[in-house]
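Just so we're on the same page: letters track the sequence lines, and every chain starts at 1.
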Amino acid sequence: MEGLTLSDAEQKYYSDLFSYCDIESTKKVAANGRVLELFRAAQLPNDVVLQIMELCGATRLGYFGRSQFYIALKLVAVAQSGFPLRVESINTVKDLPLPRFIASKNEQESRHAASYSSDSENQGSYSGVIPPPPGRGQVKKGSVSHDAVQPRTSADQQEPASPVVSPQQSPPASPHTWRKHSRHPSGGNSERPLAGPGPFWSPFGEAQSGSSAGDAVWSGHSPPPPQENWVSFADTPPTSTLLPMHPASVQDQTTVRTVASATTANEIRRQSSSYDDPWKITDEQRQYYVNQFKTIQPDLNGFIPGSAAKEFFTKSKLPILELSHIWELSDFDKDGALTLDEFCAAFHLVVARKNGYDLPEKLPESLMPKLIDLEDSADVGDQTGEVGYSGSPAEAPPSKSPSMPSLNQTWPEMNQSSEQWETFSERSSSSQTLTQFDSNIAPADPDTAIVHPVPIRMTPSKIHMQEMELKRTGNDHTNPTSPLLVKPSDLSEENKINSSVKFASGNTVADGYSSSDSFTSDPEQIGNNVTRQRSHSGTSPDNPAPPPPPPRPQPSHSRSSSLDMNRTFAVTTGQQQAGVVAHPPAVPPRPQPSQAPGPVVHRPVDADSLITHTSTSPQQIPEQPNFADFSQFEVFAASNVNEEQEDEAEKHPEVLPVEKASDPASSLRVAKTDSKSEEKTAASAPANVSKGTTPLAPPPKPVRRRLKSEDELRPEVDEHTQKTGVLAGVLTSQPPLPRSVGKDKKAIQASIRRNKEANTVLARLNSELQQQLKDVLEERISLEVQLEQLRPFSHL
Amino acid sequence: MAVCVAVIAKENYPLYIRSVPTENELKFHYMVHTSLDVVDEKISAMGKALVDQRELYLGLLYPTEDYKVYGYVTNSKVKFVMVVDSSNPALRDNEIRSMFRKLHNSYTDVMCNPFYNPGDRIQSRAFDSMVTSMMIQVC
């Protein structure tokens, strides 16, 4: 044969193929199965193959010597390129691509073939040159393999023979099928560090025939070093034998090739990718990594906890120190868990390390996980999925939410909800009926609920509701009481009662949700609610009743204030007249003492109650003042028959204007001094009422009392707690009721009403207290939990 | 500028100790060792408050003519001891605190690594580089 000039790449390639075929290392390749397979893999028609064989002289010799083999390969390339087969064409055809040998079995092989053929320049890089970063091309593989090989013990083997060989040695891991392939070509024997996968591959031995060709093809390339490794270490332990090469490696390689088409693809990719920049991850590699990730953690958005990752990567047989370093590099957010990106980076680093690349000191750019993920992952440690959303704790506004990511995610929603809140507040500002209010809220809820994880709870007060929405898991209950409080005016007596009832139910609801929710929100909400209510009520009473003492909404007692508000509003709503405020302040003129029985009845009741409590009030004779008041009250009462409740609510304002009524005054005073006593007063009111039939004894006293009470009232009113006010109102309401005649009935009715009111007030108070208690308990629990979390070592 | 940085485990054996290369590094090791007594003293002085109210930064443990030794204890009783050159007057307490904070953060990062077994020597490169930066910084 004429001299055959081969390019370097061709040289390498051919030598690899020759090695592959030269299973007996005799430098002569008989027309054995491998060669035939190889030629078959070339996808040339049989007659062409025969022609080639004849041309190269094998038929003459009866076997393929190296030169014949090379010539044959060249001819194959020629034939594949479409040139006529001529002996001369061997050298005349320039830039002939490498012969392609397609292995039917392995797509990898075909791929390799393709890559091989296309990679002329890659070939150039084979020889021991560090693979140029270039692209994924198979070439890289070769180069990669080179490098990878270095570290391998058997690396040296490869050098001589086939550049390609190198890395294939695939690291310890197992199935490096890939590697093996490439190894083959290289030199066939020595190189096979891949031997390791041997055990793995042996089963594939059979399959090799077909794959051998593929091998040949691949072998030209250095198999992507890491890739094989990956496969291997994840799966098979025994691969540790990789390093030693042995002829069998060829077979192994083939088997390897057949092993996993996916892996082969990966391998190819790996080869190229590692070099590419050189830390870039190819798509195939990435896909492989993702698949591996899925085996550990099916949720691609979730985390792999540290322990699982440790086990996984330990299989790679890298020293712990290096694995530790890899972990440090790849766990970007330092949370002790790996997201998909982090896992891919770690895997890639492992592969690279296995191939002999030194680990970088810093994570390469291409391996950095997307920062966007950090939000999710930035979570509390492995948190697995806690990922934030779950964070219902996140619902607690940022202040509370333990996990930031969830926080981040809930933020936008919360913002949205806040916007919604704004709207709500606007709506709420307009006094609407309770029902409307609810309906307004309701539609908002679903939206907000959808928007962010925190369910929205409907609260009676709009503002409150907004807060609730933000903080709470949606509760659809409406808290009638709060809205009720907000809108005092329209409520009638019944409403008031209803509201109180609702309040109770609302409380239960609140309780329900408070317990389910983040704790902190509850007290806040309640506080807010109360505050709001207070604020609401505060404004109204103030306006209309300038004279009366200002403020009902004494901040001193939230509860009491709320109660007052409730009361105030309830009462005012009860009033049929306009202006809640106006009503209260317009304390019904106390019935004149002339009105006797009725007022007296009431009075005595009040008086009695007053008497019971009044330790401070000098006028121990409520009766008299009451008496006087009665008259006024009667007049007033006449106008406001049904305003008893209002009276109660308005105790504050009422008191002032009424003043004269010693009762109210006294009651107020008493109330002030002792809220409890007020309750008792209320309780006793009925009793008093019953007793109230006593004649008007007090008339004289009332006069005095009135004066005093007025004075006292004024100052007292200011300080008067809402609760007391309420109770006082109840008491004061009594006087107005009784009319001159038939007062008994009315008195009884009034007392009944009063009692009811007192009951509702107390019930409300009770529910509020209970709610607060629950909130506090929840807070306590949450704090304890946090404490536990923060003090894991406290027992040390 | 820290002349020597040491991380001592709860059982009072060193997890990590590194000094500025000088001729007599053993001297630093000895200083660290003796400072452990002072650390224990300070911890016990805290009383029952133990973890909660005890501040992590212990402050100056004891001064010598050439060096000052600062201490810091974590909630898990891991101690950081730092020997600082006294010749640098500008080194304020806040700076020492920040150095300890960085140490603590790096230490927790090391702990988070699943491949690190608590009780092993710390061989993390990131930790090393952080300590190196501390030791060189204030030069």
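- With a 4.5 angstrom heavy-atom cutoff, B/Asn117 touches chain A only via side-chain atoms.
- Rounded to the nearest 0.5 angstrom, B/Phe115 CZ and A/Ser307 OG are separated by 10.5 Å.
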Q) Yes or no on side-chain contact (heavy atoms from CB on, under 4.5 Å) for B/Asn113 and A/Glu328, after CA distance, side-chain angles and deciding distance? A) CA-CA 7 Å; B/Asn113 189 332; A/Glu328 274 180 6; 3.8 Å; yes

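- Interface residues of residues 28-40 of chain B toward chain A, defined by a heavy-atom distance below 4.5 Å: none.
- No other option in A/Leu323, A/Asp331, A/Ile320 has as many heavy-atom pairs under 4.5 Å with chain B as A/Leu323.
- For B/Pro114 against A/Trp327, the heavy-atom pair with the smallest separation is CD-CE2, 2.9 Å.
- Contacts of B/Asp93 classified as salt bridge (charged side-chain N to carboxylate O under 4.0 Å, His left out), with partners at least two apart in sequence or in another chain: B/Arg97.
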